[in-house]
Amino acid sequence: MSGPRLVDVHPAWLPPEAFRAVGSRRALVCGAGTLVGTVRHELARACARYGGTVAWQPGSGPVDAAPEHRTGGVNLVLALSTAAPLPAPAAEVAGECRRRYGAGALGAEGFALARTGDVTVVLAEEPPGLLHGLFHVIRLGESAFGAARGQERHRPAMRLRMLDHWDNVDVHRVTGQVERGYAGGSIFWRDGSPRGDLARVPDYGRLLAACGVNAVSVNNVNVHATEARLLTDRLGDVAAIADVLRPYGIRVHLSVTFAAPVVLGGLPTADPLDTEVRAWWAATTRQVYDRVPDLGGYVVKADSEGQPGPFTYGRSHADGANLLAEALEPFRGVVHWRAFVYDHRQDWRDRSTDRARAAFDHFAPLDGRFRANVVLQVKHGPMDFQAREPVSPVLAAMPATRLAVEVQVTQEYTGQQRHVCYLAPWWSEVLGFAPWGDHRTVAALAAGDVGEGGGLVGVSNVGDDPFWTGHPLAQANLYAFGRLAWDPGLGPAAVLDEWIGLTFPPGPAGGHDLVRRTLHEMMDGSWRTYERYTAPLGVGFMVRPGHHYGPDVDGYEYSPWGAYHFADRDGVGVDRTRASGTGFTGQYPQPWRDVYESLDRCPDDLLLFFHHVPYGHVLHDGSTVIQHIYDTHFAGAEEVAALRRRWDRLDGLLDPGLHARVRERLDEQVRCAEEWRDQVNAYFFRKSGVPDARGRRIP
Ligand code: GCW
């Protein structure tokens, strides 16, 4: 099932040792189908290594088992509830499950887990649930086989947990093979073609399944000429990836260009209301599903940063999205329509246009006009994946639309996988945000507890690097994305702990506690550290234009991209109030529209996002804005130096290649954090003329 393994590829959170507990048991698998086959295969591989056994009962008829299985002695049962006859411990769990929750209570991907006597049982109604159950047991390790445990029910909060690859098929002259990719080439494409071998893709699918992801889009949302053809004459390339990911329950999605009827179909227009255009999409989509019957659907970036869209024809984004939704509907496909629409050719002199307002202004009036299989994919913040932004007001403005929240796992604006920046605390904050100040959180919106729910989407941080993510510690972000999409209530430190336990199992060198403690010390607070030494108080950007790495305070200040901080000799920040600014605060419901509007009540960490204030403005902690800038930038750079020192403690305890890779990245992080500190501090000292109260050297 798994293709030939590349020996030099790091196993991420699935090293062989992670399978020790299941691999040394006597397991029985009940049920049939591709994903059940994957469960058996995973167990067989683990048992071959650790001395356990696996028996299989396809559903009805005799058990294909070694004699010790027939006579009992099984200590792990993974069963589909439809398998008959169910072995006694599984039948017991099924009975209790029905009594407690009624039929169908586990759903397509959920499972029940219990330990009765000395048997651990995973019960699922459908094969994906069984696979998720297996990986849960692997996460638990020995503790899955310890004391009796009452029945637990596990179901994903979000139905759709998708990673978007911004991978180009052709190497793009500006963005390269992977747009905003910091982990080498693409695992799917190389130099205009599919990679000759898809050897790593099954391993990738396996890693994703083991953290809960169930969908992947395989090409960049910026769809260029070659990529456009994945929809038609190069569809076979997509089918090949789908075939490899299917055994791990991962569905493939495809990014398409809105101009496809023109650029591929030779039609004179892509007008969404044109009957020939509609017929073209219907026919093309039928062919797509003939080839890939379980395709998840399309992803579309339209009228955004130069991509074509319905505005060309004077049509709305509802018209545009519904066109594709109509074509996908017979196949139960979904169109992910991105809400990232703004004017990227703004005149910086024009103070009335506010990029933060754009998504709401375009989309909120369209609420209720999208077909049921449209998911509006909304970036978590109103700007663009900054290290600090408020939550996008679009998420609270469209109760009659299915909304997906998009986060950026690839670290475009958070250190580009050269800096340690564990993002789960940031995503947890976003998911836990309550737009109406009550129990309804962003996570509930994405999950469909409020409204229909479109799920969680992350921009992938994976490439063909031996460590998958360039920086080995950035694997934790990928893992955490999947886990939080499955259960947004999980604590970021607990997720990190899981990841550490799986990825760095106790080894011959010992020191496991030190490894665990050190990684927590380095990573738990690393996002806040990053925030401290980069753009202050939510103002955002201040990065080098184009590649977005490292500091350039005025880099975007006089540019057309709408990302300004308006620093002058008196103060800094963007006035987005209704009283005197762009009125963006008015896009929020209560209580936030008033909290953000108020200089007193606005949270400090978003102060400069919402207000233009003098350098002497006093924050809630009593410090002034200018002193806060100096203090946080000195502190942030010092924290990075401490990270670097901590890592040295682990020398000799970890794989030397991994240790060296992280050390090299930390050296760069130290350099870059000092650069940020010095540029930001010098810039604001020169603008304001206010000296550091603590007399530190500012260049
Ligand atoms: O943050 C910006 C990136 C672009 C990206 C765009 C988007 C794929 O700089 O590289 O394009 O967002 O989300 O569409």
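Starting from 1, each residue takes its place in the sequence as its number. What you are looking at is a predicted structure, and each value in this text was computed from that prediction instead of being measured. Counting starts at 1 for both ligands and their atoms, following the listed order.
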Does some side-chain heavy atom of Phe609 sit less than 4.5 Å from a side-chain heavy atom of Val539?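 Side chain of Val539 against side chain of Phe609, heavy atoms only: no contact under 4.5 Å found.
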Would you please write out the protein residues whose heavy atoms approach any atom of ligand 1 to under 4.0 angstrom, listed by chain and number?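 Lining ligand 1: Trp166, Glu179, Arg180, Asn220, Val221, Asn222, Lys301, Glu305, Arg338, Phe340, Lys379, Asp384, Glu412, Tyr413, His548.
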Indicate, with yes or no, if the rings of Phe385 and His548 have centres closer together than 6.0 Å.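 Ring centres of His548 and Phe385 not closer than 6.0 Å.
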Aromatic contact, Phe363 with Phe360 (centres under 6.0 Å):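 Between Phe363 and Phe360, the centre distance exceeds or equals 6.0 Å.
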Of all pairs that satisfy salt bridge (Lys or Arg N to Asp or Glu O under 4.0 Å), the ones with a partner from residues 380-399, not counting sequence neighbours: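 Sorted result for residues 380-399: Arg355-Asp384, Lys379-Asp384, Arg388-Glu429, Arg388-Glu531, Arg388-Asp605.
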State which residues pass salt bridge (charged side-chain N to carboxylate O under 4.0 Å, His left out) with Asp303; sequence neighbours excluded, sorted by chain then number.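 With neighbours one apart ignored, the set is empty.
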Partners meeting salt bridge (charged side-chain N to carboxylate O under 4.0 Å, His left out) with Arg315 (sequence neighbours left out):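 If we apply the salt bridge (charged side-chain N to carboxylate O under 4.0 Å, His left out) test to Arg315, skipping adjacent residues, the hits are Asp271.
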